[in-house]
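What you see below is based on every heavy atom in this structure, not just the backbone, and it leaves out hydrogens, waters and symmetry mates. Because the structure is a prediction, the values reported are computed rather than measured.
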There are 2 protein chains.
Amino acid sequence: MRTAAERTVEHPSRQDLQLGEVLQALADPLRLQIVCTLAASGTELSCSAFQLPVTKSTSTHHFRVLREAGVVHQRYEGTARLNALRREDLDAAFPGLLGSVLNAAHVRT
Amino acid sequence: MRTAAERTVEHPSRQDLQLGEVLQALADPLRLQIVCTLAASGTELSCSAFQLPVTKSTSTHHFRVLREAGVVHQRYEGTARLNALRREDLDAAFPGLLGSVLNAAHVRT
DNA sequence: GGGTTCATACGATTATGGTCGTACTACGTT
DNA sequence: AACGTAGTACGACCATAATCGTATGAACCC
């Protein structure tokens, strides 16, 4: 039996964010779409809320890439894994980057 | 025998620039370094000026990716191929993007 | 013309990464 | 306890892309 603490997820801290990894994470069309959807929603969204045209395992892969790059934060709530954009951390590490990407992708924020 | 006109290079026009391609181009560490060096120099640089830790053919490959994404402009001058950052075009297509990337990479511009 | 330099073209190799399928875990519900 | 749901883990496969080597081309110099 696992405790609640063991269900936490590893995230890079704000000062460990790497530009290359973030650009790499945003470079995939599916992941860019995820980020745009998250930004437009302004809230946390479960993985299944995105209706991605791939299987669940592929979806898991993409969310992991985004999390390990520090783009999204994930936490468990029941069986769901809620995703949130790490807006403040990204803005602190790379000022203006996320905003210009979202703007270029025509996302209203 | 080729004429001078045949030595010109194909470039995507400003309105054809795609965010995904640009992010993809910037996501590679070597290409990001090329862009940063170009931005810091503020001028045109030949491919050989970059001292990249790869062979010439690999170097050619990366410059082509940057050119086809619309990040750099290339023109022939003698035996050299001069590269210039397409700053204005990028700013027009994706306002603030290049600046925030360069700033995040600690490039003084 | 011959040699040198800067760069491209093409093919081969290798590494990376996106994709899927299956099995599994954790949580909630009945 | 049994079941359904949400997501993960792991291994396999395949497409893409990074890399190199060799051969080639264009411009310049002697």
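- Between the CG atom of A:Leu30 and the OG1 atom of A:Thr58 there is a distance of 8.5 Å, given to the nearest 0.5 Å.
- C:dT8 atom C1' lies 13 Å from atom CD of B:Glu68, rounded to whole Å.
- In this structure, A:Leu32 and B:Leu19 have side chains that are in contact, with non-hydrogen atoms separated by less than 4.5 Å.
- When the options B:Leu102, B:Thr109, B:Leu26 are evaluated for a side chain to side chain contact (heavy atoms under 4.5 Å, CB included) with B:Cys36, the one that passes is B:Leu102.
- A straight line from CD1 of B:Ile34 to P of C:dA7 spans 12 Å, rounded to a whole angstrom.
- Within the 4.5 Å cutoff, side-chain heavy atoms of A:Leu85 are placed close to those of A:Val71.
- Taking 4.5 Å as the limit, every side-chain heavy atom of A:Val35 sits out of range of all side-chain heavy atoms of A:Val107.
- Judged purely by distance below 3.5 Å, without hydrogens or angles, the side chains of B:His62 and B:Arg31 pair a donor atom with an acceptor atom.
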What pairs of nitrogen or oxygen atoms, one from the protein and one from nucleotides 19-21 of chain C, lie under 3.5 Å apart?
| residue | atom | partner | partner atom | Å |
| --- | --- | --- | --- | --- |
| C:dT19 | OP2 | A:His62 | NE2 | 2.4 |
| C:dC20 | OP2 | A:Thr55 | N | 2.9 |
| C:dC20 | OP2 | A:Thr55 | OG1 | 3.4 |
| C:dC20 | OP2 | A:Thr58 | OG1 | 3.2 |
| C:dG21 | N7 | A:Ser57 | OG | 3.2 |
| C:dG21 | O6 | A:Ser57 | OG | 3.0 |

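- The side-chain heavy atoms of A:Phe63 and A:Leu52, taken from C-beta on, include a pair separated by under 4.5 Å.
- As rounded to whole Å, 11 Å separates atom P of D:dA17 from atom CD of A:Gln24.
- The distance from atom CZ of B:Phe50 to atom P of C:dA7 is 10 Å, rounded to the nearest whole Å.
- Atom CD of A:Glu77 is separated from atom C1' of C:dG28 by 13 Å (rounded to the nearest Å).
- The side chain of B:Arg64 contributes no N or O atom lying less than 4.0 Å from OP1 or OP2 of C:dA7.
- When rounded to the nearest whole Å, the span between CD of A:Glu10 and P of D:dA9 equals 12 Å.
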Every protein N/O within reach of nucleotides 4-7 of chain D N/O, cut-off under 3.5 Å:
| residue | atom | partner | partner atom | Å |
| --- | --- | --- | --- | --- |
| D:dA6 | O4' | A:Thr79 | OG1 | 3.1 |
| D:dG7 | OP1 | A:Cys47 | N | 3.0 |
| D:dG7 | OP1 | A:Arg81 | N | 3.4 |
| D:dG7 | OP2 | A:Ser48 | N | 3.1 |
| D:dG7 | OP2 | A:Ser48 | OG | 3.1 |
| D:dG7 | N7 | A:Lys56 | NZ | 2.6 |
| D:dG7 | O6 | A:Lys56 | NZ | 3.4 |

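- Put simply, B:Leu17 and B:Leu38 are part of the same group of oily side chains (I, L, V, M, F, W, Y) that touch within less than 4.5 Å, one to the next.
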